[in-house]
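Each remark here refers to the structure printed beneath this line.
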Amino acid sequence: MITSSDALKRVKSISNQENIGHELNKIYSNFKFHEGNIFKLSICKNNWFIRARIKEVDKSQIDNLSTDLLFRQVNEISYKPESKVSSYGRCNIPQNSIFYATSIPNEKAMTDKDDLYKYLATPIFETIKRDNNKVHIVTFSVWENTERIECLNIPAKPGLYFNENNWYRQHINQFVKTFSSMGYPSAYEDPFIQYLASEIARPVDDTTGYHVTGHFVEYMLRKHDFFDGILYLSSKMSGSTPNIALRPDSVDKKLKLVDIEVRLLLIDKKDDITLIPAFRGTVDDTSTGTISYHEYDHGLE
(Lines give C-alpha, C1' and ligand atoms only; values in the text may rest on other atoms or scores of the structure.)
Protein backbone atom coordinates (compact mmCIF):
# COMPACT_ATOMS: atom_id res chain seq x y z
CA MET A 1 0.00 0.00 0.00
CA ILE A 2 1.10 3.58 -0.61
CA THR A 3 1.07 6.44 1.86
CA SER A 4 -1.25 9.40 1.66
CA SER A 5 1.61 11.69 0.62
CA ASP A 6 2.69 9.27 -2.11
CA ALA A 7 -0.88 8.94 -3.41
CA LEU A 8 -1.21 12.72 -3.61
CA LYS A 9 2.14 13.08 -5.35
CA ARG A 10 1.28 10.39 -7.90
CA VAL A 11 -2.13 11.89 -8.71
CA LYS A 12 -0.65 15.33 -9.27
CA SER A 13 2.12 13.91 -11.48
CA ILE A 14 -0.21 12.21 -13.99
CA SER A 15 0.51 13.74 -17.39
CA ASN A 16 -1.01 11.21 -19.81
CA GLN A 17 -4.64 12.32 -20.01
CA GLU A 18 -5.52 9.52 -22.43
CA ASN A 19 -4.61 6.92 -19.81
CA ILE A 20 -5.72 8.85 -16.76
CA GLY A 21 -8.42 6.36 -15.72
CA HIS A 22 -5.95 3.48 -15.58
CA GLU A 23 -3.43 5.54 -13.63
CA LEU A 24 -5.98 6.81 -11.12
CA ASN A 25 -7.41 3.34 -10.53
CA LYS A 26 -3.92 2.01 -9.79
CA ILE A 27 -3.48 4.73 -7.17
CA TYR A 28 -6.91 4.17 -5.62
CA SER A 29 -6.43 0.40 -5.44
CA ASN A 30 -3.07 0.85 -3.70
CA PHE A 31 -4.25 3.40 -1.16
CA LYS A 32 -6.02 2.18 1.96
CA PHE A 33 -9.51 3.65 2.08
CA HIS A 34 -11.14 2.56 5.35
CA GLU A 35 -13.83 3.49 7.86
CA GLY A 36 -11.47 6.01 9.44
CA ASN A 37 -11.08 8.18 6.35
CA ILE A 38 -14.25 7.56 4.30
CA PHE A 39 -17.50 8.31 6.08
CA LYS A 40 -20.54 6.05 5.67
CA LEU A 41 -23.69 8.15 6.01
CA SER A 42 -27.16 6.61 6.21
CA ILE A 43 -30.11 8.65 4.94
CA CYS A 44 -33.36 7.40 6.48
CA LYS A 45 -36.36 6.85 4.23
CA ASN A 46 -38.94 9.51 3.32
CA ASN A 47 -36.41 12.23 2.57
CA TRP A 48 -37.02 14.33 -0.54
CA PHE A 49 -34.56 15.24 -3.27
CA ILE A 50 -34.93 17.49 -6.28
CA ARG A 51 -33.50 17.58 -9.78
CA ALA A 52 -33.63 20.35 -12.37
CA ARG A 53 -33.35 19.74 -16.13
CA ILE A 54 -33.13 22.69 -18.50
CA LYS A 55 -34.05 23.22 -22.14
CA GLU A 56 -33.43 26.32 -24.25
CA VAL A 57 -36.09 27.44 -26.74
CA ASP A 58 -36.66 30.46 -28.98
CA LYS A 59 -38.61 33.26 -27.32
CA SER A 60 -41.04 33.16 -30.24
CA GLN A 61 -42.21 29.71 -29.12
CA ILE A 62 -43.38 30.84 -25.69
CA ASP A 63 -46.75 32.32 -26.70
CA ASN A 64 -47.86 28.88 -27.90
CA LEU A 65 -45.66 26.74 -25.72
CA SER A 66 -46.25 23.10 -26.64
CA THR A 67 -45.80 20.08 -24.40
CA ASP A 68 -43.87 18.60 -27.32
CA LEU A 69 -40.95 20.70 -26.07
CA LEU A 70 -41.06 19.05 -22.64
CA PHE A 71 -39.61 15.83 -21.29
CA ARG A 72 -42.20 13.12 -21.94
CA GLN A 73 -40.64 10.11 -20.17
CA VAL A 74 -39.56 9.61 -16.56
CA ASN A 75 -36.19 8.33 -17.73
CA GLU A 76 -35.57 11.73 -19.36
CA ILE A 77 -35.72 13.52 -16.00
CA SER A 78 -33.93 10.77 -14.09
CA TYR A 79 -30.38 9.56 -14.80
CA LYS A 80 -29.08 9.60 -18.36
CA PRO A 81 -28.52 6.26 -20.14
CA GLU A 82 -24.86 5.35 -20.40
CA SER A 83 -24.82 6.00 -24.15
CA LYS A 84 -25.77 9.64 -23.48
CA VAL A 85 -23.05 10.28 -20.89
CA SER A 86 -20.21 11.63 -23.01
CA SER A 87 -18.16 13.61 -20.50
CA TYR A 88 -16.83 13.63 -16.96
CA GLY A 89 -19.02 14.92 -14.15
CA ARG A 90 -18.27 15.64 -10.53
CA CYS A 91 -19.12 12.02 -9.65
CA ASN A 92 -19.04 10.14 -12.95
CA ILE A 93 -16.81 9.17 -15.85
CA PRO A 94 -17.95 8.99 -19.50
CA GLN A 95 -20.43 6.18 -20.25
CA ASN A 96 -21.16 5.95 -16.51
CA SER A 97 -24.73 6.84 -15.51
CA ILE A 98 -25.30 8.63 -12.23
CA PHE A 99 -28.33 10.32 -10.64
CA TYR A 100 -27.56 13.81 -9.31
CA ALA A 101 -29.99 15.52 -6.94
CA THR A 102 -30.14 18.15 -4.20
CA SER A 103 -31.55 17.54 -0.75
CA ILE A 104 -34.65 19.62 -0.07
CA PRO A 105 -33.77 21.69 3.03
CA ASN A 106 -36.91 20.82 5.03
CA GLU A 107 -40.58 19.88 4.73
CA LYS A 108 -41.67 23.54 4.69
CA ALA A 109 -39.68 24.10 1.51
CA MET A 110 -42.32 22.33 -0.56
CA THR A 111 -45.02 24.66 0.74
CA ASP A 112 -43.14 27.67 -0.64
CA LYS A 113 -42.03 26.44 -4.02
CA ASP A 114 -41.29 29.90 -5.39
CA ASP A 115 -38.43 30.40 -2.95
CA LEU A 116 -37.26 26.80 -3.25
CA TYR A 117 -37.13 26.77 -7.05
CA LYS A 118 -35.50 30.19 -7.23
CA TYR A 119 -32.89 28.96 -4.75
CA LEU A 120 -32.17 25.95 -6.94
CA ALA A 121 -32.28 27.92 -10.19
CA THR A 122 -29.52 30.30 -9.10
CA PRO A 123 -26.65 27.89 -9.94
CA ILE A 124 -28.40 27.00 -13.22
CA PHE A 125 -28.46 30.67 -14.17
CA GLU A 126 -24.72 30.90 -13.52
CA THR A 127 -23.99 28.22 -16.12
CA ILE A 128 -26.23 29.27 -19.03
CA LYS A 129 -25.25 31.53 -21.90
CA ARG A 130 -27.16 34.77 -22.14
CA ASP A 131 -29.22 35.19 -25.31
CA ASN A 132 -32.04 37.73 -25.51
CA ASN A 133 -33.77 35.60 -28.15
CA LYS A 134 -33.92 32.52 -25.94
CA VAL A 135 -35.98 31.41 -22.96
CA HIS A 136 -35.08 28.54 -20.69
CA ILE A 137 -37.56 25.88 -19.62
CA VAL A 138 -36.68 24.25 -16.30
CA THR A 139 -38.27 20.94 -15.31
CA PHE A 140 -38.13 20.35 -11.56
CA SER A 141 -38.68 16.78 -10.35
CA VAL A 142 -39.05 15.79 -6.71
CA TRP A 143 -38.05 12.29 -5.56
CA GLU A 144 -38.57 10.46 -2.27
CA ASN A 145 -36.47 7.58 -0.99
CA THR A 146 -38.65 4.65 0.06
CA GLU A 147 -35.72 2.81 1.65
CA ARG A 148 -32.62 3.80 3.59
CA ILE A 149 -29.82 5.12 1.38
CA GLU A 150 -26.18 4.37 2.22
CA CYS A 151 -23.80 7.06 0.99
CA LEU A 152 -20.05 7.45 1.21
CA ASN A 153 -18.62 10.85 2.04
CA ILE A 154 -15.14 12.36 1.85
CA PRO A 155 -14.71 14.12 5.23
CA ALA A 156 -13.73 17.71 4.44
CA LYS A 157 -12.08 19.65 7.24
CA PRO A 158 -13.73 22.91 8.38
CA GLY A 159 -13.15 25.94 6.19
CA LEU A 160 -13.51 24.40 2.73
CA TYR A 161 -17.00 25.92 2.34
CA PHE A 162 -17.82 29.38 3.70
CA ASN A 163 -21.54 28.65 4.21
CA GLU A 164 -21.27 25.10 5.41
CA ASN A 165 -24.30 22.98 6.31
CA ASN A 166 -24.48 22.62 10.11
CA TRP A 167 -25.99 19.15 9.98
CA TYR A 168 -23.08 17.95 7.85
CA ARG A 169 -20.38 19.49 10.06
CA GLN A 170 -21.86 18.02 13.25
CA HIS A 171 -21.90 14.52 11.73
CA ILE A 172 -18.42 14.79 10.26
CA ASN A 173 -16.87 16.14 13.45
CA GLN A 174 -18.41 13.28 15.44
CA PHE A 175 -17.20 10.78 12.86
CA VAL A 176 -13.61 12.06 12.97
CA LYS A 177 -13.65 12.25 16.79
CA THR A 178 -14.94 8.69 17.12
CA PHE A 179 -12.41 7.08 14.83
CA SER A 180 -9.52 9.18 16.14
CA SER A 181 -10.33 7.83 19.62
CA MET A 182 -10.09 4.32 18.15
CA GLY A 183 -6.53 5.00 17.00
CA TYR A 184 -7.15 6.00 13.40
CA PRO A 185 -5.22 9.02 12.08
CA SER A 186 -7.44 12.07 11.78
CA ALA A 187 -9.02 12.32 8.34
CA TYR A 188 -8.67 16.09 8.68
CA GLU A 189 -4.89 15.66 8.65
CA ASP A 190 -4.74 13.18 5.75
CA PRO A 191 -3.38 15.11 2.72
CA PHE A 192 -4.81 12.75 0.09
CA ILE A 193 -8.28 12.63 1.64
CA GLN A 194 -8.35 16.42 1.93
CA TYR A 195 -7.18 16.73 -1.68
CA LEU A 196 -10.12 14.56 -2.79
CA ALA A 197 -12.45 16.66 -0.65
CA SER A 198 -11.20 19.87 -2.26
CA GLU A 199 -11.46 18.37 -5.77
CA ILE A 200 -15.11 17.42 -5.35
CA ALA A 201 -15.79 20.95 -4.05
CA ARG A 202 -14.46 22.68 -7.16
CA PRO A 203 -16.90 24.85 -9.14
CA VAL A 204 -18.53 23.25 -12.16
CA ASP A 205 -16.98 25.80 -14.51
CA ASP A 206 -13.43 24.83 -13.64
CA THR A 207 -11.66 23.98 -16.90
CA THR A 208 -9.56 21.08 -15.64
CA GLY A 209 -12.41 18.59 -15.47
CA TYR A 210 -13.45 16.10 -12.82
CA HIS A 211 -11.15 13.22 -13.73
CA VAL A 212 -9.94 12.65 -10.16
CA THR A 213 -13.35 12.63 -8.46
CA GLY A 214 -15.20 10.95 -11.35
CA HIS A 215 -12.84 7.97 -11.24
CA PHE A 216 -12.80 7.98 -7.43
CA VAL A 217 -16.60 7.63 -7.18
CA GLU A 218 -16.68 5.03 -9.97
CA TYR A 219 -13.95 3.02 -8.19
CA MET A 220 -15.64 3.18 -4.77
CA LEU A 221 -19.11 2.23 -6.05
CA ARG A 222 -17.68 -0.61 -8.12
CA LYS A 223 -15.62 -1.97 -5.23
CA HIS A 224 -18.23 -1.49 -2.48
CA ASP A 225 -21.70 -2.43 -3.69
CA PHE A 226 -23.26 -1.62 -0.29
CA PHE A 227 -22.89 2.08 -1.13
CA ASP A 228 -25.83 3.52 -3.04
CA GLY A 229 -23.85 6.62 -3.91
CA ILE A 230 -22.00 9.60 -2.50
CA LEU A 231 -23.12 12.61 -0.46
CA TYR A 232 -21.24 15.89 -0.93
CA LEU A 233 -21.91 19.57 -0.33
CA SER A 234 -22.95 21.87 -3.16
CA SER A 235 -20.08 24.08 -4.31
CA LYS A 236 -22.49 26.47 -6.04
CA MET A 237 -24.40 26.89 -2.76
CA SER A 238 -21.11 27.35 -0.85
CA GLY A 239 -21.69 24.19 1.17
CA SER A 240 -25.15 25.06 2.50
CA THR A 241 -26.93 22.22 0.72
CA PRO A 242 -26.13 18.47 0.65
CA ASN A 243 -26.17 16.84 -2.79
CA ILE A 244 -26.30 13.16 -3.64
CA ALA A 245 -25.10 11.17 -6.64
CA LEU A 246 -26.63 7.67 -6.78
CA ARG A 247 -26.02 4.58 -8.88
CA PRO A 248 -28.91 3.80 -11.28
CA ASP A 249 -29.90 0.48 -9.70
CA SER A 250 -30.34 2.19 -6.32
CA VAL A 251 -32.52 4.87 -7.92
CA ASP A 252 -34.71 2.22 -9.53
CA LYS A 253 -35.07 0.35 -6.25
CA LYS A 254 -35.14 3.07 -3.60
CA LEU A 255 -36.57 6.27 -5.11
CA LYS A 256 -40.02 7.21 -6.31
CA LEU A 257 -41.06 10.28 -8.30
CA VAL A 258 -43.55 12.42 -6.35
CA ASP A 259 -43.81 15.73 -8.21
CA ILE A 260 -43.03 17.34 -11.59
CA GLU A 261 -43.28 21.05 -12.30
CA VAL A 262 -42.17 23.06 -15.33
CA ARG A 263 -41.26 26.73 -15.04
CA LEU A 264 -39.96 29.37 -17.42
CA LEU A 265 -36.68 30.92 -16.32
CA LEU A 266 -36.56 34.61 -17.16
CA ILE A 267 -33.60 36.88 -16.41
CA ASP A 268 -33.90 40.65 -16.48
CA LYS A 269 -31.24 43.25 -17.24
CA LYS A 270 -30.22 43.32 -13.57
CA ASP A 271 -29.74 39.53 -13.60
CA ASP A 272 -32.72 39.01 -11.32
CA ILE A 273 -34.44 35.64 -11.81
CA THR A 274 -38.15 35.09 -12.33
CA LEU A 275 -39.60 31.58 -12.51
CA ILE A 276 -43.04 31.50 -14.10
CA PRO A 277 -45.14 28.33 -13.56
CA ALA A 278 -45.95 26.75 -16.92
CA PHE A 279 -47.00 23.10 -16.47
CA ARG A 280 -47.60 20.42 -13.86
CA GLY A 281 -46.67 16.89 -14.79
CA THR A 282 -48.07 13.50 -13.78
CA VAL A 283 -47.03 9.97 -14.63
CA ASP A 284 -50.12 8.41 -16.21
CA ASP A 285 -48.64 5.00 -16.94
CA THR A 286 -46.02 3.76 -14.50
CA SER A 287 -45.25 0.75 -16.69
CA THR A 288 -44.06 2.97 -19.56
CA GLY A 289 -43.05 6.03 -17.53
CA THR A 290 -45.06 8.36 -19.76
CA ILE A 291 -45.53 11.89 -18.41
CA SER A 292 -48.58 14.03 -19.23
CA TYR A 293 -48.86 17.75 -18.51
CA HIS A 294 -51.58 20.26 -17.76
CA GLU A 295 -50.97 23.93 -18.27
CA TYR A 296 -50.76 26.78 -15.78
CA ASP A 297 -51.89 30.24 -16.78
CA HIS A 298 -48.31 31.53 -16.96
CA GLY A 299 -49.33 35.13 -17.48
CA LEU A 300 -47.14 36.00 -20.46
CA GLU A 301 -48.65 38.50 -22.86
Side-chain angles (χ1 to χ4, degrees), residues 1-12 24-47 49 90-91 101-106 145 147-202 210 212-235 237-247 250 254:
M1 304 303 287
I2 58 176
T3 66
S4 181
S5 296
D6 286 341
L8 179 57
K9 182 178 179 180
R10 287 174 59 176
V11 166
K12 289 187 173 183
L24 287 170
N25 274 282
K26 282 201 304 184
I27 295 168
Y28 297 147
S29 63
N30 283 286
F31 178 75
K32 190 173 183 180
F33 294 109
H34 52 72
E35 59 185 4
N37 59 25
I38 294 296
F39 186 24
K40 180 181 178 183
L41 177 65
S42 297
I43 302 175
C44 62
K45 66 179 184 178
N46 302 131
N47 277 276
F49 306 92
R90 196 180 300 269
C91 301
T102 297
S103 174
I104 293 178
N106 51 57
N145 62 313
E147 297 182 31
R148 183 184 297 272
I149 296 174
E150 304 293 349
C151 287
L152 67 97
N153 175 261
I154 309 169
K157 63 183 179 182
L160 185 59
Y161 303 90
F162 72 80
N163 191 25
E164 191 173 67
N165 181 273
N166 289 331
W167 169 86
Y168 173 82
R169 178 51 53 200
Q170 290 173 3
H171 280 73
I172 293 296
N173 283 345
Q174 185 59 49
F175 158 71
V176 172
K177 180 179 179 180
T178 298
F179 284 101
S180 294
S181 69
M182 296 168 61
Y184 286 96
S186 172
Y188 289 162
E189 305 303 322
D190 187 309
F192 187 51
I193 293 299
Q194 292 310 307
Y195 172 74
L196 292 174
S198 65
E199 283 292 290
I200 207 165
R202 286 193 295 106
Y210 287 117
V212 171
T213 57
H215 281 287
F216 167 76
V217 175
E218 189 278 331
Y219 170 81
M220 293 298 290
L221 296 186
R222 172 166 43 86
K223 186 174 176 65
H224 305 289
D225 60 7
F226 53 81
F227 283 130
D228 295 301
I230 181 170
L231 181 144
Y232 60 97
L233 297 185
S234 167
S235 62
M237 298 299 184
S238 305
S240 63
T241 305
N243 288 344
I244 58 170
L246 302 179
R247 58 167 93 232
S250 294
K254 297 186 176 184

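Computation of the quantities below employed the complete heavy-atom set of this structure, encompassing side-chain atoms and omitting hydrogens, waters and symmetry-equivalent molecules. Note that this is a predicted model, so its numbers are computed, not measured.
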Quiz item: Is a side-chain donor-acceptor pair under 3.5 Å present for T178 with Q174?
Solution: yes
Self-check item: E147 side chain near D228 side chain, heavy-atom distance below 4.5 Å
Solution: no
Quiz item: With side chains defined as the heavy atoms from C-beta onward, is the minimum distance between V176 and K157 less than 4.5 Å?
Solution: no
Quiz item: What is the ring orientation for F226 with H224, classed by angle as parallel under 30°, tilted 30 to 60°, or perpendicular over 60°?
Solution: tilted
Practice problem: Work out which heavy atom in I2 is nearest to a heavy atom in F31; give both atom names and the distance. | Solution: O-CD1, 3.7 Å
Quiz prompt | Note, Y188 side chain near I172 side chain (heavy atom, < 4.5 Å) | solution = yes
Exercise. Would you check if the side chain of N153 reaches a backbone N or O of L231 as a donor-acceptor pair within less than 3.5 Å?
Key: yes
Quiz item: Should I230 and I200 count as side-chain neighbours, where that means a heavy-atom distance under 4.5 Å?
Solution: yes
Quiz item: Are the side chains of V217 and L152 in touch, meaning some heavy atoms are under 4.5 Å apart?
Solution: no
Quiz item: Less than 4.5 Å apart, any side-chain heavy atom of P185 and any of D190?
Solution: no
Self-check item: Mutual orientation of the aromatic rings belonging to W167 and H171 [parallel < 30°, tilted 30-60°, perpendicular > 60°]
Solution: tilted
Quiz item: Hey, is the main chain of Q170 close enough, under 3.5 Å, to the side chain of N173 for a donor-acceptor pair?
Solution: no
Exercise. Name the orientation class of the two ring planes belonging to Y219 and F33 (parallel below 30°, tilted from 30 to 60°, perpendicular beyond 60°).
Key: tilted
Practice problem: Look at the side chain of R90 and the backbone N and O of R202, then say whether any donor-acceptor pair between them is shorter than 3.5 Å. | Solution: yes
Quiz item: Do the rings of F216 and Y28 sit parallel, tilted or perpendicular, given the 30° and 60° boundaries?
Solution: perpendicular
Quiz prompt | Residue pair E35 / K40, side-chain heavy-atom distance below 4.5 Å | solution = no
